[in-house]
Novice: 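Got a structure for you, questions after.
Keep in mind the model is a prediction, meaning the values are calculated, not measured. Throughout, a chain's letter reflects where its sequence line sits, starting with A, and its residues are numbered from 1.
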2 protein chains.
Amino acid sequence: MASGPAETTQAATDSDALSSPSPTPQTRQTRVRRREGAIISAARNMFVTHGYAGTTMAMIAREAGVADGTLYTYFENKDALARGVISDFYKRLTESSQKGVDGRRTTRTKLDFLARHHLGQVMDERGIIEMLPALTTSLSDYAGSELYRLNKTYVAVFDRIVREGRACGDIPGDADVSVLRDIFYGALDYGGKSLMMRSLRDGVRKADMTRLVDRLVGMIVGTSSSARSVADRLELAADRLEASLKQVENK
Amino acid sequence: MASGPAETTQAATDSDALSSPSPTPQTRQTRVRRREGAIISAARNMFVTHGYAGTTMAMIAREAGVADGTLYTYFENKDALARGVISDFYKRLTESSQKGVDGRRTTRTKLDFLARHHLGQVMDERGIIEMLPALTTSLSDYAGSELYRLNKTYVAVFDRIVREGRACGDIPGDADVSVLRDIFYGALDYGGKSLMMRSLRDGVRKADMTRLVDRLVGMIVGTSSSARSVADRLELAADRLEASLKQVENK
DNA sequence: GAGACAGTTGAAGCCTATTCAATTTCATCG
DNA sequence: CGATGAAATTGAATAGGCTTCAACTGTCTC
């Protein structure tokens with residue numbers, strides 16, 4: 001009881017709260033939406049740091065500043081809450097990916113950006129995506145789920161690049177797009193785990209990431225490294241520099 | 001109580017029980033080992049059909065024909081039991097992979113076999129490997145675990161093929177083996193999931209698997225499909241024929 | 001056959017997801 | 001401005017599954 005007029009302190013994560021800068025005239029609906037954001041954010045924090053099994057609903061409730069029971073007015077159960085966190089992740093990932101891809105000119109630089117971005121995001125919030133298998137008892141119900149739809153939307157970013165790249169002759173061969181997609185995302189997910197394991201020993205090595213991405217993208221667009229245009233190489237170098245700078249600034 | 005002198009019905013999986021064909025003179029030790037096999041086998045069945053979260057220790061105990069408490073004399077807890085199942089899987093996988101690879105002559109046919117074998121095994125016992133993320137709260141404790149060691153032993157099969165292939169000029173380029181490994185297994189795991197999803201709609205398509213494997217292996221050994229030797233192509237065709245035959249015979 | 005002991009048992013304890021009756025909040029209306 | 005009721009919230013009670021452990025059983029040794 002008590003707890004005052006719900007002081008949603010943690011609500012302001014960064015995703016979609018804060019839309020109305022006015023402090024008082026919150027309608028009930030916006031407050032509810034804001035609280036949902038707080039719950040998802042709290043759940044994400046807990047899941048990322050303690051894993052799915054290691055976080056209790058009570059932990060999430062405490063972190064979100066609500067009572068245990070409140071969680072169940074927003075999500076049917078723990079699984080559904082985890083799915084909500086994954087959905088949120090996919091949405092952010094798709095949007096930022098598409099935005100970054102749109103800012104690149106050539107097929108190679110688009111793929112290069114997409115690969116680095118995917119790796120970075122998945123490594124940052126590792127554990128989010130890894131919850132997925134645990135939530136998917138049968139493939140057949142996953143096939144009809146919202147998560148599957150969101151995943152399809154996300155990988156569509158890659159599919160478009162490949163189709164356009166093929167149309168303008170950048171991507172040789174006639175392999176099915178789905179094959180290239182499997183190779184691309186499979187290698188990135190697996191490689192991301194490898195990179196994290198290695199970074200435990202040797203610290204994060206940008207060079208390792210670059211080697212993987214170069215080889216992978218090189219396998220898809222036919223040209224060997226030496227055949228890249230000067231413009232391409234400059235653009236890629238700029239990308240990498242910016243990424244490194246951003247990392248340095250965050251420290 | 002009762003349950004008689006442990007009738008380990010389910011024990012005879014195929015892995016490592018049955019070593020002594022004599023029926024009566026079981027020493028206490030062999031009975032214990034056999035029972036451990038029965039428990040792992042029961043757990044595997046339950047995990048594969050109901051998933052990790054969906055199977056209770058009581059279910060496993062019933063399937064194995066033991067009391068709930070007995071499970072804890074063999075495995076510390078549910079997680080450890082799941083790890084035992086995965087260990088067993090890796091051991092069988094490594095052995096059968098190495099055996100198959102040893103029976104192939106060229107780099108390409110070795111890789112081709114390894115890819116198909118991995119895909120087939122992972123698809124058959126899908127869910128086993130997928131439990132892994134749920135059991136790995138922190139990367140750092142995974143790095144020191146038996147599972148990590150077993151995984152390294154398994155992928156060493158691939159590593160050897162690559163090193164030998166490079167030595168005899170079959171594999172061009174100077175990319176780090178770890179990069180190729182990430183691409184190889186990543187693409188197979190991700191592709192395996194894709195194949196299973198698609199097979200829900202269209203039924204299993206051998207052709208889809210072939211497309212993925214051909215492309216993937218082709219990316220590693222440099223030669224394009226047209227440049228393969230006749231002997232290679234014959235051997236590959238024989239492999240595929242035999243695999244298909246085995247499937248038909250099993251029905 | 002007695003003693004020792006590894007292996008087994010299953011009911012009890014504990015922890016956590018989930019429910020739900022009671023309470024509080026708040027937009028609306030007289 | 002207070003009354004009204006729907007929506008939202010609460011947290012104690014419930015239920016179910018993992019894990020423990022004191023008692024028991026079968027086997028081996030002398």
Novice: Just the rounded figure in Å: distance from P of C/dG7 to CD1 of B/Ile39.
Specialist: 12 Å
Novice: May I ask you to verify if any side-chain N or O of B/Arg35 is less than 4.0 angstrom from the OP1 or OP2 atom of C/dT8?
Specialist: yes
Novice: How long is the span from the CG atom in A/Asp182 to the CG atom in B/Leu216, to the nearest 0.5 Å?
Specialist: 10.0 Å
Novice: Which one, D/dT9, D/dT19, C/dT9, comes nearest to the side chain of B/Asn77?
Specialist: D/dT19
Novice: Determine: side-chain N/O of A/Tyr72 to OP1/OP2 of D/dT10, distance under 4.0 Å, yes or no.
Specialist: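 So the side-chain polar atoms of A/Tyr72 never come under 4.0 Å of the phosphate oxygens OP1 or OP2 of D/dT10.
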Novice: On the 0 to 90° scale, with breaks at 30° and 60°, tag the B/Tyr90-B/Tyr154 ring pair as parallel, tilted or perpendicular.
Specialist: tilted
Novice: Does a side-chain N or O from A/Arg31 land closer than 4.0 Å to OP1 or OP2 of D/dA7, or not?
Specialist: no
Novice: Measure from CG on A/Asp79 to C1' on C/dT16 and round the result to the nearest Å.
Specialist: 14 Å
Novice: Give the rounded distance in Å between these two atoms: CG of A/Asp68 and C1' of C/dT16.
Specialist: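 Nearest whole value for this atom pair: 10 Å.
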Novice: Distance check needed: D/dA7 C1' versus A/Arg33 CZ, whole Å only.
Specialist: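 The distance from CZ of A/Arg33 to C1' of D/dA7 comes to 16 Å, rounded to the nearest Å.
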Novice: Check every atom of C/dT18, C/dT8, D/dT10 against the side chain of A/Thr73 and return the nucleotide holding the closest atom.
Specialist: D/dT10
Novice: Going by distance alone, is a donor N or O of one side chain under 3.5 Å from an acceptor N or O of the other, for B/His50 and B/Thr55?
Specialist: no
Novice: Just how far, in rounded Å, is P of D/dG16 from CE of B/Met59?
Specialist: 15 Å
Novice: When you get a sec, tell me which of D/dG11, C/dT8, C/dT18 is the closest nucleotide to the side chain of A/Ala67?
Specialist: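 Given the options D/dG11, C/dT8, C/dT18, the side chain of A/Ala67 is closest to D/dG11.
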Novice: Which nucleotide wins on minimum distance to the side chain of B/Lys78, given the candidates D/dT10, C/dT18, D/dT19?
Specialist: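 Ranking D/dT10, C/dT18, D/dT19 by closest atom to the B/Lys78 side chain puts D/dT19 first.
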Novice: Can you check the A/Glu36 CD to D/dA7 C1' distance for me, whole Å?
Specialist: 15 Å
Novice: From D/dC18, C/dA17, D/dT9, pick the nucleotide closest to the side chain of B/Thr56?
Specialist: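 The listed nucleotide nearest to B/Thr56's side chain is D/dC18.
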Novice: Give, for atom CZ of A/Phe184 and atom CD1 of A/Ile161, the distance between the pair rounded to the nearest 0.5 Å.
Specialist: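 Nearest 0.5 Å value for the CZ-CD1 distance: 7.0 Å.
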Novice: Side chains of B/Gln121 and B/Arg92: donor-acceptor distance under 3.5 Å anywhere?
Specialist: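 Distance-only check fails for B/Gln121 and B/Arg92.
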Novice: If I take atom CZ in residue A/Phe75 and atom C1' in nucleotide D/dA8, what distance separates them, rounded to the nearest angstrom?
Specialist: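 So the CZ-C1' distance, A/Phe75 to D/dA8, works out to 15 Å.
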Novice: Among C/dT8, C/dA17, D/dT9, which nucleotide sits nearest the side chain of A/Tyr74?
Specialist: D/dT9
Novice: Whole Å only: how far is the CZ atom of B/Arg34 from the P atom of C/dA6?
Specialist: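 To the nearest whole Å, that distance equals 23 Å.
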